[in-house]
Participant: 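Input: one structure, supplied below.
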Amino acid sequence: MCGIVGIVGTSPVNQAIYDGLTVLQHRGQDAAGIITIENNTFSLRKANGLVKDVFHTRHMKRLQGTIGIGHVRYPTAGSSSSSEAQPFYVNSPFGIALAHNGNLTNAEELKEQLFSEARRHVNTTSDSEILLNIMAHELSRSDKLHLDPEDVFTAVAEVNKKVTGGYAAIAMIIGHGVVAFRDPNGIRPLVFGKRETEKGTEYMFASESVALKPDGFEFIRDVAPGEAIFVTEDGQFHSLNCADKVSYSPCIFEFVYFARPDSTIDRMSVYATRVNMGTKLGEKIAREWADKDIDVVIPIPETSCDVALEIARVLDLPYRQGFVKNRYIGRTFIMPGQEMRKKSVRQKLNAIDREFKGKNVLLVDDSIVRGTTSAQIVEMARESGAKNVYFASAAPEIRFPNVYGIDMPSAAELIAHGREVEDINASIGSDGLIFQSLKDLMAAVRQENPEITQFETSVFDGQYITGDIDQNYLNRIDKLRNDTAKSTRESAMSSGLEIHNQEENETD
């Protein structure tokens, strides 16, 4: 999962992009990048690390211009090398830069086509670079020295015909403007807003609505599935549906875990959907666990706090903050490598003993992925004196890998893959385990926008909405994503990265 930002402004945009990326930092802590245009020239800064560490004053002074895009990243099937950081750019035609959130499911085929048909070389393992080159190739089919909006929309339409998967992208074209587009299923989120200045109207695109707020952009709406929006350098706004067939099928895991609670995605308040999840799960607990003498409800901070508070209300039980979170540790689920995840749990959370001692506690988390975090948290609760430790998940059992931009990982590393609830319960060491049903989860989210009739729910039910995923594909990504494969890749690159990083530091 990644976060993207793009701005067409009337004054320098570097600070506003920086602010937007900082607000979207929860979507990726692996790398960050910003690229701007001034005097028909790209200025780019990208590197591994958090936004605050990647961009210093000297970088911001260099990132001049009234048009720019930015990106925060965490790796999925690719590596975490700094060479994979976005945005990417190509010099022909015109000069095009692109930032992308999602995953292309036919990336390998596209890479071969790019070489055989367009003689374009892709230099990294990132499918974002593939998407950029597909876009560039389609734009190059026009022999005009200046593109019309229709030319841009024609190129995006061709991209949508060739590319499958989940994607939201923002591209800049030197001498023209910014185009933002979203996959025909609307899997990955993308919104836009505007603000009025003395010099004219400025437009901003972002993964979540919350990124618009720091610099005073007014949220307008979501980019629709299959839609492309083109804003010229002088602020002229154009939009068009660029897909033959569209369906509104947003990724439901955005609401479970990834998005900030103060965001609105596809006209659904993330906060409200989590409260609804708590209502549904609380009612299920009341039905199925009437025999359990629960004393207190305790969330695993922070995503599950709103869910847990509503569960406590439904069950008429005390709600307590039993864990203190170290906010300087990144999101455990996003961290690469099993050993790093294991180590990070106890660095990230510390239990308040008095809230556990002698009590039957109900722990609430947003989901259970590998089970590593859950097992350690249950152990921490027992060490703090809990009599019985029950565990509730706001999401159903995650049994299948995600192929649309979430590193959710090799199927064999998912604790629920091929296991029943009783087995999962034994694995994490709890005295009882309950999951939200998929039906209730969808109802909880849809309650905020009844016009959404379906969601992308493949991690729960194995139904991949693009219709192009078979076992061979899943076997291939399993080899790329499992922790052993990632560790091997990182070890192989380590010596080269040391040299690269030294050279980069010398030239910053």
Side-chain angles (χ1 to χ4, degrees), residues 4 6 69 86-124 126-188 190 192 205 223-232 236-249 403-405 465-469:
I4 57 177
I69 58 178
Q86 297 185 46
F88 290 108
Y89 75 91
V90 291
N91 291 317
S92 176
F94 306 107
I96 306 169
L98 179 140
H100 160 233
N101 171 33
N103 187 63
L104 310 186
T105 54
N106 63 338
E108 291 301 314
E109 297 92 326
L110 291 171
K111 187 175 182 179
E112 293 176 5
Q113 289 176 19
L114 278 169
F115 183 76
S116 62
E117 298 176 11
R119 300 297 187 266
R120 286 184 172 269
H121 173 69
V122 176
N123 201 48
T124 70
S126 172
D127 60 345
S128 303
E129 189 186 8
I130 294 173
L131 182 62
L132 167 62
N133 276 274
I134 293 286
M135 181 73 174
H137 179 54
E138 295 304 326
L139 287 171
S140 70
R141 293 181 184 275
S142 172
D143 59 1
K144 299 178 182 178
L145 289 177
H146 189 85
L147 301 172
D148 297 324
E150 291 75 14
D151 300 317
V152 175
F153 292 142
T154 297
V156 174
E158 291 301 314
V159 169
N160 287 335
K161 290 176 183 177
K162 292 183 176 182
V163 168
T164 59
Y167 52 94
I170 306 172
M172 288 194 306
I173 309 169
I174 285 182
H176 293 81
V178 168
V179 57
F181 56 98
R182 192 177 178 192
D183 69 81
N185 291 300
I187 297 173
R188 299 269 68 87
L190 189 61
F192 75 94
F205 300 91
V223 177
E227 181 184 20
I229 296 176
F230 177 54
V231 181
T232 64
Q236 296 180 46
F237 182 95
H238 307 270
S239 69
L240 188 71
N241 172 40
C242 295
D244 295 333
K245 183 180 179 182
V246 299
S247 70
Y248 229 133
S249 308
V403 301
Y404 300 123
I465 203 161
T466 52
D468 60 332
I469 305 303

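No hydrogens, no waters, no symmetry mates; every other heavy atom, side chains included, goes into these values.
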Participant: Just to verify, what does Asp468 make a salt bridge (charged side-chain N to carboxylate O under 4.0 Å, His left out) with, not counting sequence neighbours?
Facilitator: none

Participant: Quick one: does any side-chain atom of Asp183 pair with a main-chain N or O of Gly166 as donor and acceptor, under 3.5 Å?
Facilitator: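 The answer is no, because no donor-acceptor pair under 3.5 Å joins these two groups.
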
Participant: What is the distance from atom CD of Glu117 to atom CG of Leu110, rounded to the nearest 0.5 Å?
Facilitator: 10.0 Å

Participant: Cys242 and Asn160: which non-hydrogen atoms are nearest, and at how many Å?
Facilitator: O-ND2, 3.0 Å

Participant: Give me the atom names and distance for the closest heavy-atom approach of Thr466 to Gly165.
Facilitator: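 Scanning both residues, the minimum pair turns out to be CG2-N, 3.9 Å.
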
Participant: Out of curiosity, Arg119 CZ to Leu114 CG, how far, rounded to the nearest 0.5 Å?
Facilitator: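 Going from CZ on Arg119 over to CG on Leu114, the span is 11.5 Å.
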
Participant: For Ile4, does its backbone N or O pair with a side-chain atom of Asn101 as donor and acceptor, under 3.5 Å?
Facilitator: no

Participant: For side chain to side chain contact (heavy atoms under 4.5 Å, CB included), just list the numbers for Val152 and His176, CA-CA rounded to whole Å, side-chain angles, deciding distance to a tenth of an Å, and then say yes or no.
Facilitator: CA-CA 10 Å; Val152 175; His176 293 81; 5.9 Å; no

Participant: Sequence neighbours left out, what passes side chain to side chain contact (heavy atoms under 4.5 Å, CB included) with Glu150? Give chain and number order.
Facilitator: Asp148

Participant: Before giving the answer on side chain to side chain contact (heavy atoms under 4.5 Å, CB included), spell out for Arg182 and Ile187 the whole-Å C-alpha distance, their side-chain angles and the decisive distance to 0.1 Å.
Facilitator: CA-CA 8 Å; Arg182 192 177 178 192; Ile187 297 173; over 6 Å; no

Participant: Over all heavy atoms of both residues, which pair between Gly102 and Asp127 is shortest? Give the atoms and the distance, please.
Facilitator: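 Scanning both residues, the minimum pair turns out to be O-OD2, 4.1 Å.
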
Participant: As an exercise, state the distance from OG1 of Thr232 to CZ of Phe237, rounded to the nearest 0.5 Å.
Facilitator: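 Going from OG1 on Thr232 over to CZ on Phe237, the span is 11.0 Å.
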
Participant: Given Asn133, which partner from the list Gln113, Arg120, His121 fulfils the side chain to side chain donor-acceptor pair (under 3.5 Å) test?
Facilitator: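 Running side chain to side chain donor-acceptor pair (under 3.5 Å) over Gln113, Arg120, His121 with Asn133 returns exactly one hit, Arg120.
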
Participant: First locate atom CG of Leu98, then atom CD1 of Ile134, and finally report the distance between them rounded to the nearest 0.5 Å.
Facilitator: 11.5 Å

Participant: Just jot down the salt bridge (charged side-chain N to carboxylate O under 4.0 Å, His left out) partners of Glu138, sequence neighbours excluded, or say none.
Facilitator: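 Glu138 satisfies salt bridge (charged side-chain N to carboxylate O under 4.0 Å, His left out) with Arg141, Lys162 once adjacent residues are dropped.
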
Participant: Mind listing the closest non-hydrogen atom pair of Glu227 and Ala224 along with its distance?
Facilitator: OE1-N, 2.8 Å

Participant: Give me the atom names and distance for the closest heavy-atom approach of Ala228 to Val179.
Facilitator: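 Closest approach of Ala228 to Val179: CB-CG2, 4.3 Å.
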
Participant: Checking Ser247 now: which residues fulfil side chain to side chain contact (heavy atoms under 4.5 Å, CB included) with it, not counting sequence neighbours?
Facilitator: Asn185, Ser249, Gln454

Participant: Determine, stepwise, if the pair Val231 / Phe205 fulfils side chain to side chain contact (heavy atoms under 4.5 Å, CB included).
Facilitator: CA-CA 11 Å; Val231 181; Phe205 300 91; 4.0 Å; yes

Participant: So, the side chain of Tyr167 versus the backbone of Leu131: is there a donor-acceptor pair under 3.5 Å, distance only?
Facilitator: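 Side chain of Tyr167 to backbone of Leu131: no pair is present.
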
Participant: With distance as the sole test, does Arg188 use its side chain to make a donor-acceptor pair with the main-chain N or O of Ala169 at under 3.5 Å?
Facilitator: no

Participant: Suppose we screen for side-chain hydrogen bond (donor to acceptor under 3.5 Å, both in side chains). Which residues come up paired with Lys245, at least two apart in sequence or across chains?
Facilitator: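 Residues passing side-chain hydrogen bond (donor to acceptor under 3.5 Å, both in side chains) with Lys245: none at all.
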
Participant: Please identify each residue that fulfils ring-ring contact (aromatic ring centres under 6.0 Å, His included) with Tyr248, with sequence neighbours left out.
Facilitator: none

Participant: Are the charged groups of Glu108 and Lys111 less than 4.0 angstrom apart, N to O?
Facilitator: no

Participant: Check Ala99 against Ile69 and note the closest heavy-atom contact, atom names and distance.
Facilitator: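 In terms of heavy atoms, the two residues are closest at N-CD1, 3.7 Å.
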
Participant: Nearest 0.5 angstrom please: Ile229 CD1 to His238 NE2, how far?
Facilitator: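 With rounding to 0.5 Å, CD1 (Ile229) is 11.5 Å from NE2 (His238).
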
Participant: At what distance, to the nearest 0.5 angstrom, does CZ of Phe94 lie from CE of Met172?
Facilitator: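 Interatomic distance, Phe94 CZ to Met172 CE, rounded to 0.5 Å: 15.0 Å.
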
Participant: Checking Phe88 against His100 for the side chain to side chain contact (heavy atoms under 4.5 Å, CB included) test, could you report, in this order, the C-alpha distance in whole Å, the side-chain angles of both residues, the deciding distance, and whether it holds?
Facilitator: CA-CA 9 Å; Phe88 290 108; His100 160 233; over 6 Å; no

